[in-house]
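Here the structure is a predicted model, which means the values were calculated and not measured.
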Amino acid sequence: TFTGTLATSTSWGQKARDTLLLAKPRLSALVIATSGVGLWVAPSSLGPLAVLCTLLGTSLFVAAANALNSYLERDVDALMHRTRRRPLPDGRLAPPVALYVSLGGAALAFATLWLAANPLTAGLGLIAYLVYVAVYTPAKKKTTAKKTVAKKKPAARKTAVKKPAA
């Protein structure tokens, strides 16, 4: 039964790892790397602290978007072999944890970018976060669900043909 906190993870270390997995670290690392390259080749001269804080803010927005994506796709993730062992579909974390991580991360990211870079950068980060979770995730969810159902249909047809034939 859900109590409003972390669900069934057994240790604090496991809970921390599962919470980190909401951010999809490997995917996030690619976004951060491309952001770092963009900052490196940009014609402006940002100081090292501003670059570090901008990368931190970007990392927080990416992690927040991925956490909300994990929350929104937990039902489809539970159906797919590749994703069913993620923390939410596997029941190791309660779904509200992903919401808290996402909203808290997005708020912290916005503040970090506003203060370390500028309001435009913070606003663009917020727009990217919103587009990812409000446009991309629902569109991906529809196509993923269709693919999952399409993969199940041939198996169902095979069973329907084998059972009467046996």
Requested in this report: Hey, could you give me the CZ/CD1 distance between F61 and I127, rounded to the nearest 0.5 Å?
Outcome: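 One gets 9.5 Å once the value is rounded to the nearest 0.5 Å.
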
Query raised in the report: Going from CD on Q14 to CG on L21, what distance comes out if it is rounded to the nearest 0.5 angstrom?
Result: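 Reported to 0.5 Å precision, the distance equals 8.0 Å.
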
Could you check whether any side-chain N or O of [X] sits under 3.5 Å from a backbone N or O of [Y], counting only pairs where one atom can act as donor and the other as acceptor?
| X | Y | answer |
| --- | --- | --- |
| T34 | V31 | yes |
| S102 | A67 | no |
| R92 | R85 | yes |

Query raised in the report: What residues, two or more places apart in sequence or in another chain, satisfy side-chain contact (heavy atoms from CB on, under 4.5 Å) together with T54?
Result: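 T54: side-chain contact (heavy atoms from CB on, under 4.5 Å) contacts with L39, T58, L113, A117.
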
Query raised in the report: P95 and Y71: which non-hydrogen atoms are nearest, and at how many Å?
Result: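 So the minimum-distance heavy-atom pair works out to O-CD1, 3.4 Å.
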
Query raised in the report: Can you name the closest pair of heavy atoms from C53 and T112 and give their distance?
Result: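 The answer is O-CG2, 3.4 Å.
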
Query raised in the report: Is the shortest heavy-atom distance from the side chain of L68 to the side chain of Y129 under 4.5 Å?
Result: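 A side-chain contact exists here, since the closest heavy-atom pair is under 4.5 Å.
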
Query - Contact check, side chains of E73 and T83, non-hydrogen atoms, under 4.5 Å - result: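 Result no, sub-4.5 Å side-chain heavy-atom pair not found.
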
Report task. Determine whether L103 and V101 fall in the same hydrophobic cluster, where Ile, Leu, Val, Met, Phe, Trp and Tyr are linked whenever their side-chain heavy atoms lie under 4.5 Å apart. Result ->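 In one cluster: yes.
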
Query raised in the report: Pick from D18, V97, L22, D75: which one makes a side chain to side chain contact (heavy atoms under 4.5 Å, CB included) with L88?
Result: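 Answer after filtering D18, V97, L22, D75: L22.
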
Query - Plane angle bin for Y132 and Y136 - parallel if under 30°, tilted between 30 and 60°, otherwise perpendicular - result: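 Parallel.
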
Report task. Check whether the side chains of D77 and S70 place a donor and an acceptor atom closer than 3.5 Å, and report yes or no. Result ->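 No pair is found: no donor N or O on one side chain lies under 3.5 Å from an acceptor on the other.
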
